[in-house]
A.B. asks: 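Have a look at the structure that comes next, please.
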Amino acid sequence: MYYLFDGSYTGFLSCVFESFERKETNIIPLTEEEYQGSFFDESRLINSSPEKAERVYNGLVKKLGKNTSYDFFRVFLSEDRKAWSASVRIIREVFTGNEVVLSNFGDEDVLYFSQALKKVSRERHRMKAFVRFQKSSDGLYFAIIEPDFNVLPLISGFFRKRYADQSWLIYDVKRKYGLLYNQQFVSEVMLTSEEKNTLVSQAAVITLDDRDEQFRRLWKQYFKSTNIESRRNMKLHLQHVPRRYWKYLAEKME
């Protein structure tokens with residue numbers, strides 16, 4: 001049975017609640033927009049319910065603790081549909097009394113869940129290191145990212161603490177939304193196609209601060225001066241800085 005929801009974590013947890021309420025154990029959570037059903041498929045539209053989602057979340061916290069419960073949100077951000085299904089089955093196990101299920105790596109679902117969690121955690125760590133801000137003439141620092149997973153919600157607190165005295169925008173071009181900090185709070189923003197293209201291309205509409213280009217040149221010179229050509233190990237370098245990140249790193253730009 002396909003459970004179709006709006007793509008939010010609230011919607012996902014609502015699917016879990018509904019599966020218990022309807023006693024439908026074999027469910028596959030999927031977003032409405034990507035569902036392409038056949039004549040033989042069964043599907044059910046699930047409305048997002050903050051109340052139902054909260055009951056599931058509170059139940060997980062009670063049984064597993066806050067940090068472990070948050071792992072389900074982290075895995076949800078992997079956008080891996082197989083990991084979503086594995087999460088649902090694991091949650092069902094937890095709520096039916098098997099509270100130690102996550103320690104059983106012989107279970108296929110648990111193993112896949114664990115692997116997805118590691119991938120998301122690795123991407124979160126890389127984004128903390130690879131975000132490169134540029135400063136516009138109006139004082140806003142902006143950065144473009146394109147991570148493999150939807151890790152923006154996981155790095156928000158880090159950048160808010162690190163750059164608490166600056167206004168900044170981190171925009172995920174792959175998922176078409178960003179986080180804007182105004183030195184008071186962080187809010188989610190959606191840009192129009194024109195605004196996004198302007199931001200990505202750094203067109204004239206966004207005027208860079210006069211000193212920004214100087215700082216970028218200094219950074220590239222520093223990076224070049226610290227690179228010992230005779231000890232260069234490109235294979236190792238790519239392990240730590242995969243090529244897919246290069247187009248947004250100032251030190252890699254020509």
Side-chain angles (χ1 to χ4, degrees), residues 1-31 46-129 131 145 147-162 170 172 175 177 179 186 188:
M1 168 74 74
Y2 287 95
Y3 270 32
L4 311 181
F5 68 107
D6 61 3
S8 68
Y9 190 57
T10 296
F12 174 77
L13 293 182
S14 298
C15 290
V16 175
F17 185 95
E18 292 276 355
S19 71
F20 275 96
E21 189 172 62
R22 298 176 182 276
K23 296 181 171 59
E24 294 174 337
T25 58
N26 188 24
I27 72 162
I28 302 173
L30 204 62
T31 62
I46 305 298
N47 294 319
S48 290
S49 168
E51 294 78 16
K52 292 178 179 179
E54 185 176 12
R55 287 179 63 180
V56 175
Y57 174 75
N58 289 338
L60 286 172
V61 170
K62 184 176 180 180
K63 290 180 175 294
L64 301 176
K66 191 171 183 179
N67 189 56
T68 302
S69 299
Y70 197 64
D71 285 344
F72 287 95
F73 176 59
R74 296 183 179 102
V75 170
F76 176 77
L77 296 178
S78 70
E79 303 171 323
D80 184 333
R81 278 37 178 173
K82 185 177 177 180
W84 287 3
S85 295
S87 295
V88 170
R89 289 191 287 269
I90 292 170
I91 292 173
R92 292 193 65 89
E93 283 285 316
V94 171
F95 283 155
T96 53
N98 187 6
E99 297 176 11
V100 296
V101 60
L102 285 171
S103 62
N104 179 18
F105 293 100
D107 184 297
E108 183 179 344
D109 288 329
V110 173
L111 179 61
Y112 198 86
F113 179 92
S114 177
Q115 291 171 339
L117 180 61
K118 287 180 180 179
K119 290 177 182 178
V120 172
S121 297
R122 187 183 304 118
E123 192 75 347
R124 173 185 60 85
H125 178 72
R126 284 173 171 169
M127 284 300 102
K128 289 180 180 180
V131 166
I145 64 172
D148 286 349
F149 310 114
N150 182 20
V151 296
L152 264 184
L154 303 180
I155 63 176
S156 172
F158 172 82
F159 284 100
R160 180 176 180 176
K161 291 178 182 178
R162 187 167 187 175
I170 304 176
D172 185 339
R175 292 158 190 90
Y177 84 103
L179 297 178
V186 178
E188 185 176 309

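Because only heavy atoms are used, hydrogens play no part in the values below, and waters and symmetry mates are left out as well, while side chains stay in.
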A.B. asks: Is it the case that the side chain of Ser78 and the backbone of Val75 share a donor-acceptor pair, with hydrogens and angles ignored and the cut-off at 3.5 Å?
C.D. replies: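 It does hold such a pair.
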A.B. asks: Rounded to the nearest 0.5 Å, what's the gap from CG on Leu179 to CD1 on Ile145? Could you check?
C.D. replies: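 If we round to the nearest 0.5 Å, Leu179:CG and Ile145:CD1 are 8.0 Å apart.
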A.B. asks: Can you give me the closest heavy-atom contact between Val101 and Ile90, atom names plus distance?
C.D. replies: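 Where Val101 meets Ile90 most closely, the heavy atoms are CG1-CG2, 3.9 Å.
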A.B. asks: Scan residues 107-116 for pairs that pass salt bridge (Lys or Arg N to Asp or Glu O under 4.0 Å), counting only residues two or more places apart or in two chains.
C.D. replies: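 Of all non-adjacent pairs touching residues 107-116, those that pass salt bridge (Lys or Arg N to Asp or Glu O under 4.0 Å) are Arg89-Asp109.
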A.B. asks: Sort and list the pairs that fulfil salt bridge (Lys or Arg N to Asp or Glu O under 4.0 Å) and have at least one residue in residues 79-88, not counting sequence neighbours.
C.D. replies: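 Of all non-adjacent pairs touching residues 79-88, those that pass salt bridge (Lys or Arg N to Asp or Glu O under 4.0 Å) are Glu34-Arg81, Glu79-Arg175.
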A.B. asks: Check the pair Phe95 / Val56 against side chain to side chain contact (heavy atoms under 4.5 Å, CB included), numbers first and verdict last.
C.D. replies: CA-CA 9 Å; Phe95 283 155; Val56 175; 4.0 Å; yes
A.B. asks: Give me the one residue out of Arg122, Glu123, Lys119 that meets side chain to side chain contact (heavy atoms under 4.5 Å, CB included) with Asp148.
C.D. replies: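 For Asp148, the side chain to side chain contact (heavy atoms under 4.5 Å, CB included) check succeeds only for Glu123.
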A.B. asks: Give me the atom names and distance for the closest heavy-atom approach of Thr96 to Phe20.
C.D. replies: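 So the minimum-distance heavy-atom pair works out to CG2-CE2, 4.5 Å.
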A.B. asks: Can you check whether Gly65's main-chain N or O pairs, donor with acceptor, with Thr68's side chain at less than 3.5 Å?
C.D. replies: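 No, Thr68 side chain to Gly65 backbone: no donor-acceptor pair under 3.5 Å.
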A.B. asks: Give, for atom OH of Tyr2 and atom CD1 of Ile27, the distance between the pair rounded to the nearest 0.5 Å.
C.D. replies: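 That separation rounds to 12.5 Å.
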A.B. asks: Which atom pair, heavy atoms only, marks the closest approach of Phe12 to Pro29?
C.D. replies: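 So the two residues come closest at CE1-CG, 4.0 Å.
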A.B. asks: Is a side-chain N or O of Ser114 found less than 3.5 angstrom from the main chain of Val110, in a donor-acceptor match?
C.D. replies: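 Absent.
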A.B. asks: To the closest 0.5 Å, what do you measure between CD (Glu93) and CG (Asn104)?
C.D. replies: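 Output value for this atom pair is 9.0 Å.
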A.B. asks: Scan for salt bridge (Lys or Arg N to Asp or Glu O under 4.0 Å) pairs involving residues 55-66, sequence neighbours excluded, and state none if there are none.
C.D. replies: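 For residues 55-66: Lys63-Glu99.
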A.B. asks: Counting only heavy atoms not in Glu24, do more than 12 fall under 6.0 Å of its CD?
C.D. replies: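 Atom CD in Glu24 is packed in, count exceeds 12.
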A.B. asks: Quick one: are Ser19 and Tyr3 in side-chain contact, heavy atoms under 4.5 Å?
C.D. replies: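 They are in contact (side-chain heavy atoms under 4.5 Å apart), so the answer is yes.
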A.B. asks: Taking Tyr9 as the fixed residue, which of Tyr57, Tyr70, Phe73, Trp84 is the one that meets the ring-ring contact (aromatic ring centres under 6.0 Å, His included) rule?
C.D. replies: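 Going through the options one by one, the only one that passes is Phe73.
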A.B. asks: Of all residues at least two apart in sequence or in a different chain, which pass the side-chain hydrogen bond (donor to acceptor under 3.5 Å, both in side chains) check with Asn58?
C.D. replies: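 With neighbours one apart ignored, the set is empty.
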A.B. asks: Taking Ser69 for the side chain and Leu60 for the main chain, is one N or O donor matched with an acceptor at less than 3.5 Å?
C.D. replies: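 Yes.
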A.B. asks: Roughly how far apart are Ser14 OG and Glu54 CD, rounded to 0.5 Å?
C.D. replies: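 Interatomic distance, Ser14 OG to Glu54 CD, rounded to 0.5 Å: 11.5 Å.
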A.B. asks: Show your working on ring-ring contact (aromatic ring centres under 6.0 Å, His included) between Phe113 and Phe72 and close with a plain yes or no.
C.D. replies: CA-CA 9 Å; Phe113 179 92; Phe72 287 95; 4.9 Å; yes
A.B. asks: With sequence neighbours left out, what residues match Arg124 under salt bridge (charged side-chain N to carboxylate O under 4.0 Å, His left out)?
C.D. replies: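 Scan of Arg124 (salt bridge (charged side-chain N to carboxylate O under 4.0 Å, His left out), adjacent residues dropped) gives none.
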A.B. asks: Counting only heavy atoms not in Lys128 (residues, nucleotides, ligands), do more than 12 fall under 6.0 Å from its NZ?
C.D. replies: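 It does: Lys128 NZ has more than 12 such atoms within range.
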A.B. asks: Tell me the closest heavy-atom pair linking Gly11 and Phe5, and the distance in Å.
C.D. replies: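 In terms of heavy atoms, the two residues are closest at C-CD1, 3.6 Å.
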A.B. asks: Measuring from Leu4:CG to Asn47:CG, what's the distance to the nearest 0.5 Å?
C.D. replies: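 Leu4 atom CG to Asn47 atom CG measures 11.0 Å (nearest 0.5 Å).
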A.B. asks: Among residues at least two apart in sequence or on other chains, which ones pass side chain to side chain contact (heavy atoms under 4.5 Å, CB included) with Gln115?
C.D. replies: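 Leu111, Tyr112.
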A.B. asks: Distance from Phe149 atom CZ to Arg74 atom CZ, nearest 0.5 Å?
C.D. replies: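 Those atoms lie 15.0 Å apart.
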A.B. asks: Do Val88 and Cys15 make a side-chain contact, defined as non-hydrogen atoms from C-beta onward lying under 4.5 Å apart?
C.D. replies: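 No, too far: nothing below the 4.5 Å cut-off.
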A.B. asks: For Met1 and Arg22: C-alpha separation, side-chain torsions, deciding distance, then whether side chain to side chain contact (heavy atoms under 4.5 Å, CB included) applies.
C.D. replies: CA-CA 12 Å; Met1 168 74 74; Arg22 298 176 182 276; over 6 Å; no
A.B. asks: Do Asn150 and Tyr177 come close enough that some side-chain heavy atom pair is under 4.5 Å?
C.D. replies: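 They are in side-chain contact.
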